[in-house]
Amino acid sequence: MQALKTVVITGANKGIGFGILENLIQKQSYKIIMACRSLELAQKSRTKLIEKYNISQDRIDTIELDISNSDSIDKFIQEFTTRFHQADILINNAAVAVKSDDFNLEVVQFTFKPNFYGTIELTEKFIPLLTQNGKIITVGSSAGKTKYLKSDDLVKRFKNPNITREDVFKLAEEFQEHVKNNTYEQNGWPSWGYGISKLLINTYVKTLAQNAEVKNKSLQVYTCCPGWVKTDMAGDEAELTIDQGALTPVYLVELPHEVNPDYQGQFFYLQKVEEL
Ligand code: NDP
């Protein structure tokens, strides 16, 4: 029997993360580590699946992880290293979206912490724990597209094929500065912290393809949109079920473990590459 591939999914206790977990667990070739900020919620979801599919306890494990907190990320890395040593795939699924229409620096920072900064901190600290030919799959969003920007200059900067990690961080800082000074509109930004957090993370994944360790290890890096999915984040009016929302991330999990230049660093929607 082939060895199981180890997949880490952040925010796997509910929503799309749980959908990806449920899909993969039925395929018999994966062991999943649920990286969740509430171990209690993670355990409940784990028990539900173990009973539903009558699978062995060690197919699903849990580790505490709050991607908004650097200490928690470090603790997670330490615990993961001790217990599991390495993984084949990291799925960055966890994120937040505030429900109210409030738009101010506080909302933007609250959103950027997990969706952008925390996701990147975890990703970069986890790279050494990925196997050769491993994958990093990020659940971005179609909300993170350049069509929502109202400045040609910003669009040009985000679409620059040679954009660097530093450029992406600079754009993140600029947005926050313009929100703080209430000059975001004249600078072409929308009043949408979540959308910009997703545009930044989608764009970061492009730069991740150029990361020296990613190249050395031939890691495949992708970002994607699951579609508009009925979850606590999107609500009941969304069009897709959680099972359907899991399909594009799972498609990326199942792509061959080899770097395809047409796919590397790209954004996927409905299992196809799309421009940001
Ligand atoms: P949910 O709100 O249903 O689930 C989000 C998950 O992320 C929960 O498990 C939550 O944990 C976890 N999470 C949030 N913050 C943190 C944190 N700081 N540390 C660790 N875990 C955290 O959202 P969805 O399932 O809808 O979203 C999943 C992904 O899909 C997100 O990246 C989202 O942006 C993206 N997406 C969703 C769409 C949709 O229509 N639903 C559309 C496009 C993209 P807890 O239970 O503890 O809150």
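Just so we're clear, the structure is a prediction, and the values are computed from it rather than from any experiment. By convention here, the first residue in the shown sequence is residue 1. Read the numbers this way: they start at 1 and go in the same order the structure lists the ligands and their atoms.
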Region of Tyr194 that comes within reach of ligand 1 [heavy atoms, distance under 4.0 Å]: side chain
Atom indices of ligand 1 within 4.0 angstrom of Ser141 heavy atoms, with elements: 43 (C), 44 (C)
Atom 21 (N) of ligand 1 [closest protein heavy-atom partner, distance rounded to 0.1 Å]: Ala94 CB, 3.4 Å
Protein heavy atom at shortest distance from atom 6 (C) of ligand 1: Gly11 O, 3.9 Å
Option passing ring-ring contact (aromatic ring centres under 6.0 Å, His included) with Tyr222 (candidates Phe268, Tyr251, Phe267): Phe268
Electrostatic pair Glu166:Lys170 at N-O distance under 4.0 angstrom: no
Residue part near ligand 1, for Ser38, under 4.0 Å between non-hydrogen atoms: neither
Closest protein heavy atom to atom 20 (C) of ligand 1, given as residue, atom name and distance to 0.1 Å: Leu65 O, 3.2 Å
For Thr146, side-chain contact (heavy atoms from CB on, under 4.5 Å) partners two or more places apart: Leu149, Val155, Phe158, Lys159, Leu199
Pick from Asn93, Asn69, Ile16: the one approaching atom 29 (C) of ligand 1 most closely through a non-hydrogen atom: Asn93
Heavy-atom proximity to atom 2 (O) of ligand 1, best of Lys113, Met233, Glu239: Met233
Plane angle bin for Tyr117 and Phe169 - parallel if under 30°, tilted between 30 and 60°, otherwise perpendicular: tilted
Protein contact of atom 5 (C) of ligand 1 - nearest heavy atom, named by residue and atom, plus distance: Ala95 O, 3.9 Å
Flag if over 12 foreign heavy atoms under 6.0 Å of CG, Asn216: yes
Any Phe103 side-chain heavy atom under 4.5 Å of Val108 side chain: yes
Pair Lys75 + Glu79, salt bridge at N-O below 4.0 Å: no
Per-atom contacts, ligand 1 versus Trp228 - under 4.0 Å to a heavy atom: 40 (O)
Taking atom 26 (O) of ligand 1 as the reference point, the nearest protein heavy atom with its distance: Thr231 OG1, 2.5 Å
Polar proximity ligand 1 side, Ile67 side, N/O cut 3.5 Å exclusive: yes
Heavy-atom closest pair, residues Gln176 and Gln109: OE1-CG, 3.5 Å
Identity and distance of the protein heavy atom lying nearest atom 47 (O) of ligand 1: Arg37 NE, 3.0 Å
Option set Val229, Val139, Asn13, criterion heavy-atom distance to atom 39 (C) of ligand 1, minimum: Val229
Partner set under ring pair (Phe, Tyr, Trp, His ring centres under 6.0 Å) for Tyr53, not counting sequence neighbours: none
Protein contact of atom 4 (O) of ligand 1 - nearest heavy atom, named by residue and atom, plus distance: Lys14 CE, 3.7 Å
Which of the ligand 1 atoms, numbered from 1, are nearer than 4.0 Å to a heavy atom of Gly227: 38 (C), 39 (C), 40 (O), 42 (C), 43 (C)
Nearest non-hydrogen protein atom, atom 44 (C) of ligand 1: Gly140 O, 3.3 Å
Greater than 12 external heavy atoms within 6.0 Å of Lys99's NZ: yes
